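All of these numbers come straight from a predicted model, not from anything done at the bench. Start at 1 and go down the list; that is how both ligands and their atoms are numbered.
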Amino acid sequence: MPAISAQPYPFAFERATTALLLIDMQRDFLEPGGFGAALGNDVGLLRRAIGPARTMLEAARAAGMLVIHTREGHRPDLSDLPPAKKRRGGLACGIGDAGPMGRILVRGEAGHAIIPELAPCAGEPVIDKPGKGAFFATDLGAILKHRGIASLIVAGVTTEVCVHTTVREANDRGYECLVLEDCTGSYFPRFHEAALAMIAAQGGIFGWVAGSGAVIAGLASPG
Ligand code: TIU
């Protein structure tokens with residue numbers, strides 16, 4: 001069992017019972033013309049996570065760890081889109097509306113896809129989620145249970161929104177969560193820092209925080 005350097009104290013995990021969870025690394029959040037941009041954000045701020053996340057993904061695959069991807073989005077008929085979520089922000093071009101990458105946050109549209117750098121491989125579950133948390137209204141919990149997963153190494157965007165909501169959900173369900181500081185990102189750098197600090201504060205109230213290098217070194221160790 002590797003035990004890696006992390007905040008607030010070393011994180012121990014078994015390869016066989018740990019999954020890498022990549023949250024919402026979608027074109028709609030990371031490329032111009034999608035939901036992130038519609039909300040007034042600079043999508044470039046998220047892109048610094050792509051390189052480290054790709055290296056982490058390749059290491060997890062090489063170690064034989066389960067990799068799970070999530071995508072935030074809605075049915076084409078928008079029947080799973082809460083009216084409150086549609087209304088929020090009063091956007092001229094919001095969820096379900098036509099943008100440069102197709103209808104925003106709608107399943108099957110170009111913008112809803114995971115960015116090519118982190119495209120899922122055959123056999124890697126992809127969870128389509130209508131909310132911010134990856135457990136809400138999805139079969140993620142069942143998949144983790146059937147695979148015997150106890151720990152989650154979490155990457156993706158955005159740190160304080162979908163990553164945080166998912167880690168909070170996972171923590172309440174009994175999972176040990178490690179959040180990767182260099183493989184997550186926010187449109188607001190100060191929110192990224194605060195969100196990571198909140199995970200590890202109070203003795204790891206939600207889990208652990210580490211850089212991907214520590215995890216990759218741990219996976220390479222014989223332990
Ligand atoms: N707006 C924002 O920061 N995030 C989202 O809307 N979704 C995710 O974080 N995936």
Q | The one among Asp28, Thr158, Thr159 that brings a heavy atom closest to atom 9 (O) of ligand 1 | A |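 Comparing heavy atoms across Asp28, Thr158, Thr159, the nearest one to atom 9 (O) of ligand 1 lies in Thr158.
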Closer than 4.0 Å to some heavy atom of [X] - which atoms of ligand 1 meet that?
| X | result |
| --- | --- |
| Phe35 | 6 (O) |
| Asp24 | 8 (C), 10 (N) |
| Val157 | 8 (C), 9 (O), 10 (N) |
| Leu39 | 1 (N) |
| Cys162 | 7 (N), 8 (C), 9 (O), 10 (N) |

Q | From Arg107, Lys85, Arg27, residue fulfilling salt bridge (charged side-chain N to carboxylate O under 4.0 Å, His left out) relative to Glu72 | A |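 Answer to the salt bridge (charged side-chain N to carboxylate O under 4.0 Å, His left out) test with Glu72 among Arg107, Lys85, Arg27: Lys85.
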Q: Step by step, work out the side chain to side chain contact (heavy atoms under 4.5 Å, CB included) result for Cys162 and Val157.
A: CA-CA 6 Å; Cys162 291; Val157 297; over 6 Å; no
Q) Of the protein's non-hydrogen atoms, which lies at the shortest distance from atom 5 (C) of ligand 1, and what is that distance? A)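 That would be Phe29 CE2, 3.5 Å.
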Q) For atom 7 (N) of ligand 1, what's the nearest protein heavy atom and its distance? A)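 Nearest protein contact, heavy atoms only, for atom 7 (N) of ligand 1 is Glu72 OE1, 2.9 Å.
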Q: Answer yes or no: does atom CZ of Arg75 have more than 12 heavy-atom neighbours from other residues, nucleotides or ligands under 6.0 Å?
A: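 Count not over threshold, so no.
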Q: Could you tell me whether some N/O pair between Lys129 and ligand 1 is separated by less than 3.5 angstrom?
A: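 No: no nitrogen or oxygen of Lys129 is under 3.5 Å from one in ligand 1.
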Q) Is any N or O atom of Lys132, backbone or side chain, closer than 3.5 Å to an N or O atom of ligand 1? A)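 Yes.
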Q: Measure the acute angle between the ring planes of Phe188 and Phe191, then classify it against the limits of 30° and 60° as parallel, tilted or perpendicular.
A: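 Geometry flag for Phe191 against Phe188: tilted rings.
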Q | Member of Arg71, Lys129, Lys132 meeting the side-chain hydrogen bond (donor to acceptor under 3.5 Å, both in side chains) criterion with Asp24 | A |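 Output: one option passes, namely Lys129.
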Q | Nearest non-hydrogen partners of Leu66 and Ile68, listed with the distance | A |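 Heavy-atom minimum between the residues: CD2-CD1, 3.8 Å.
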Q | Between His192 and Ser186, a side-chain donor and acceptor under 3.5 Å | A |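 No.
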